[in-house]
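Accompanying notes for the structure given below.
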2 protein chains.
Amino acid sequence: MIQRSVRCPVAATLDLVGDRWTLLVVRDLLRGRLRFSELRASIEGIPPAILSHRLKALEAAGVVVRRAYSEHPPRSEYVLTAKGHRLGVVVGALANWGEQFAESDLALVDNQCGHGVNVIYHCPTCERTAPRSRVRIVGANAR
Amino acid sequence: MIQRSVRCPVAATLDLVGDRWTLLVVRDLLRGRLRFSELRASIEGIPPAILSHRLKALEAAGVVVRRAYSEHPPRSEYVLTAKGHRLGVVVGALANWGEQFAESDLALVDNQCGHGVNVIYHCPTCERTAPRSRVRIVGANAR
DNA sequence: CGTAGTCAGTTCAGATATTGAACTGTACTC
DNA sequence: GAGTACAGTTCAATATCTGAACTGACTACG
């Protein structure tokens with residue numbers, strides 16, 4: 001995955017996660033640490049070479065950490081870093097959107113109340129949510 | 001883009017937008033209708049063949065509508081549908097994440113207060129936001 | 001009229017990435 | 001010792017992407 005656009009944060013993020021598989025790896029790691037074989041089993045149809053590539057890229061980007069759980073047959077498991085956990089919002093937004101078109105058997109829930117959550121806009125200054133209709137993308141030499 | 005996973009809403013969404021360019025098209029169309037040449041100019045480095053493919057896919061998915069603004073040299077412009085506008089949250093989440101690692105010259109702002117907004121989790125039942133640490137992905141045969 | 005330019009793409013050949021299938025090496029289990 | 005699990009790697013075939021050039025329909029200028 002080649003770095004193309006340093007300027008736009010969207011494009012910069014897509015340089016890392018802009019493919020069919022990477023965010024599925026993140027999706028599954030959001031549940032907790034997983035081994036290669038577990039990821040392979042839970043991401044339907046992923047070729048092992050791709051999984052290997054993606055894990056290396058995510059590790060290089062600081063999204064995932066590889067941890068050895070056995071030395072002598074070298075075995076490792078993968079865990080999201082804090083940076084990686086922040087990608088959960090992206091996965092959640094994709095899930096919310098997809099839920100409207102495919103029947104959902106996956107949901108984001110608030111641990112405390114047990115209800116399903118959405119991903120929405122929020123103004124941290126005013127401490128209130130912002131409806132989609134009120135949000136604009138702006139930028140100086142925006143891109 | 002081949003449909004692989006009907007089951008998981010994340011994977012289903014990535015079947016459409018899981019590549020380096022598609023969400024950049026959405027990003028720019030969030031500002032309003034654009035012509036082919038305008039999209040081409042604003043998405044740095046996109047080959048016209050790719051842009052053409054992506055617009056067709058987005059149109060087929062009901063995310064974008066093509067509108068003729070001239071008949072006789074056939075000329076069209078592209079507009080997001082309501083469905084497409086809902087992808088703004090995904091773009092916003094990517095932007096938020098990217099902003100932490102690349103200097104930002106693009107932001108989401110609330111039209112009313114003018115402040116920058118984030119993309120966060122929200123429980124519509126309890127009508128409150130949910131911190132990332134409290135949100136889990138759950139699912140029956142979740143994937 | 002003739003030349004140049006714009007616009008919305010298409011075409012094409014070469015480069016790159018993805019795919020599925022098979023394979024490797026280490027170790028554990030029976 | 002045979003079979004299995006795990007964590008990947010290797011490879012050839014295929015698919016996709018890329019950049020560059022090209023169409024075809026018009027408009028603008030002189």
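Numbered from 1 within each chain, the chains take letters A, B, ... in sequence-line order.
- Here A:Ser76 does not reach the OP1 or OP2 of D:dC6: none of its side-chain N or O atoms lies under 4.0 Å away.
- Pairing each heavy atom of A:Val91 with each of A:Leu23, the nearest pair is CG2-O, 3.9 Å.
- When each of A:Leu87, A:Val90, A:Val63 is tested with A:Val17 by the rule side chain to side chain contact (heavy atoms under 4.5 Å, CB included), just one qualifies, namely A:Leu87.
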Scan nucleotides 11-15 of chain C against the protein and return all N/O pairs shorter than 3.5 Å with their distances rounded to 0.1 Å.
none

Atom pairs and distances, side-chain donor-acceptor, residues 119-128 of chain A, under 3.5 Å, sequence neighbours left out:
{"from": "A:Tyr121", "atom 1": "OH", "to": "B:Gly88", "atom 2": "O", "distance (Å)": "3.0"}
{"from": "A:Tyr121", "atom 1": "OH", "to": "B:Val89", "atom 2": "N", "distance (Å)": "3.2"}
{"from": "A:Arg128", "atom 1": "NH1", "to": "B:Gln112", "atom 2": "OE1", "distance (Å)": "3.3"}
{"from": "A:Arg128", "atom 1": "NH2", "to": "B:Asp110", "atom 2": "OD2", "distance (Å)": "3.4"}
{"from": "A:Arg128", "atom 1": "NH2", "to": "B:Gln112", "atom 2": "OE1", "distance (Å)": "3.4"}

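- Crowding of B:His53 atom NE2: a count of heavy atoms from other residues, nucleotides or ligands under 6.0 Å not exceeding 12.
- A sub-4.0 Å separation between OP1 or OP2 of D:dG8 and a side-chain N or O of A:Arg54 is absent.
- In terms of position along DNA chain D, the nucleotide closest to A:Arg35 lies nearer the 5' end than the nucleotide closest to the other residue of the pair B:Pro47 and A:Arg35.
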Check the interface with nucleotides 23-26 of chain D: list each N/O to N/O pair with the protein under 3.5 Å, or write none.
{"from": "D:dA25", "atom 1": "O3'", "to": "B:His72", "atom 2": "O", "distance (Å)": "3.1"}
{"from": "D:dC26", "atom 1": "OP1", "to": "B:His72", "atom 2": "O", "distance (Å)": "2.8"}
{"from": "D:dC26", "atom 1": "OP1", "to": "B:His72", "atom 2": "ND1", "distance (Å)": "3.3"}

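- Atom CZ of B:Arg20 is separated from atom P of D:dT16 by 16 Å (rounded to the nearest Å).
- Residues satisfying the side chain to side chain contact (heavy atoms under 4.5 Å, CB included) test with B:Ser37, not counting sequence neighbours, are B:Arg35.
- Remark: P of D:dA7 and CG of A:Leu51 are 11 Å apart, rounded to the nearest angstrom.
- Taking 4.0 angstrom as the limit, B:Ser37 places a side-chain polar atom (N or O) nearer than this to OP1 or OP2 of C:dA8.
- Between A:Asp19 atom CG and C:dT16 atom C1' there is a gap of 14 Å when expressed in whole angstrom units.
- In this structure, the salt bridge (Lys or Arg N to Asp or Glu O under 4.0 Å) partners of B:Arg33, at least two apart in sequence or on a different chain, are B:Glu77.
- We find that CG of B:Leu34 is positioned 16 Å from C1' of C:dG9, with the value rounded to whole Å.
- Look at A:Lys56 and you'll find a side-chain N or O under 4.0 angstrom from OP1 or OP2 of D:dT9.
- Looking at residues two or more places apart in sequence or on another chain, you find no salt bridge (Lys or Arg N to Asp or Glu O under 4.0 Å) involving A:Arg132.
- Distance, A:His53 NE2 to C:dG20 P: 15 Å, rounded to whole Å.
- Hydrophobic side-chain contacts under 4.5 Å tie A:Tyr69 to no other Ile, Leu, Val, Met, Phe, Trp or Tyr residue.
- Checking the phosphate oxygens (OP1, OP2) of C:dT10, a side-chain nitrogen or oxygen of B:Ser52 falls inside 4.0 Å.
- Judged by distance alone, the side chain of A:Lys83 and the main-chain N or O of A:Val64 form no donor-acceptor pair under 3.5 Å.
- In this entry the distance linking CG of A:Leu55 with P of D:dC6 reads 16 Å, nearest Å.
- Between A:Arg67 atom CZ and D:dC6 atom C1' the separation is 19 Å, expressed in whole Å.
- Between C:dG9, C:dT19, D:dA7, one nucleotide has an atom nearer to the side chain of A:Trp21 than all others, and that is C:dT19.
- Contact between the side-chain N/O atoms of A:Tyr69 and the OP1/OP2 oxygens of D:dC6 is not found at any separation under 4.0 Å.
- We find that CD1 of A:Ile50 is positioned 15 Å from P of C:dA21, with the value rounded to whole Å.
- Contact annotation for A:Ser70: no contact, since no heavy-atom pair falls under 4.0 Å across all strands.
- Residues forming a salt bridge (Lys or Arg N to Asp or Glu O under 4.0 Å) with B:Glu38 (at least two apart in sequence, or on another chain): none.
- Contact annotation: A:Arg40 does not reach the phosphate of D:dA5 (side-chain N/O to OP1 or OP2, under 4.0 Å).
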